[in-house]
Amino acid sequence: MKKYLKSFILVGFFVSGLFAYNDPYVCSLQNLFNQDSCKSDLVPQDDYNCLALPNIRVNGEPVCVVYY
C-alpha cells in the first residue's frame, strides 16, 4: 500500500509540473478543467505554422517565436 501511495504522489507531482509551464496547448488543456485558469503568453498562428506573441505585429504580420 505504501508503494502505491508513493507512486500516486510522484505521478501527481509530475502532472502538476506539467501545468506549471505556460504553453498554449497545456493552457487549453488546463482550461478544460478550470475555465480561464491559464492565460497563455503565446498564441497559435495556423497561417504561419508558429506560436506568436499576442497583440504584437510588425507590418501587420505576427511575431513568431516558436515554429511547429
Side-chain angles (χ1 to χ4, degrees):
M1 184 69 172
K2 274 187 172 179
K3 189 175 184 179
Y4 177 73
L5 184 61
K6 281 183 183 179
S7 298
F8 184 74
I9 290 172
L10 186 60
V11 168
F13 281 126
F14 283 126
V15 170
S16 66
L18 176 69
F19 289 120
Y21 295 107
N22 207 4
D23 181 41
Y25 298 108
V26 175
C27 277
S28 63
L29 178 64
Q30 183 177 345
N31 286 335
L32 286 175
F33 298 109
N34 190 2
Q35 189 69 25
D36 293 331
S37 64
C38 182
K39 303 288 187 199
S40 174
D41 288 340
L42 301 176
V43 179
Q45 296 289 328
D46 293 330
D47 296 339
Y48 298 97
N49 291 330
C50 70
L51 298 174
L53 298 169
N55 303 321
I56 297 177
R57 301 245 174 200
V58 175
N59 295 330
E61 302 292 323
V63 178
C64 290
V65 179
V66 178
Y67 290 93
Y68 52 88

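Just so it is clear, the structure is predicted and the values come from calculations on it, not from any experiment. Side-chain atoms are counted along with the backbone in the values below, which use heavy atoms only and exclude waters and symmetry mates. Residue numbers count from 1 along this sequence.
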| Given side chains that start at C-beta, do those of L53 and L42 come closer than 4.5 Å, heavy atoms only? | yes
| message | Do V58 and V63 have side chains that approach each other closer than 4.5 Å (heavy atoms only, starting at C-beta)? | response | yes
| query | Can you name the residues that form a side chain to side chain donor-acceptor pair (under 3.5 Å) with E61, not counting sequence neighbours? | reply | Y48
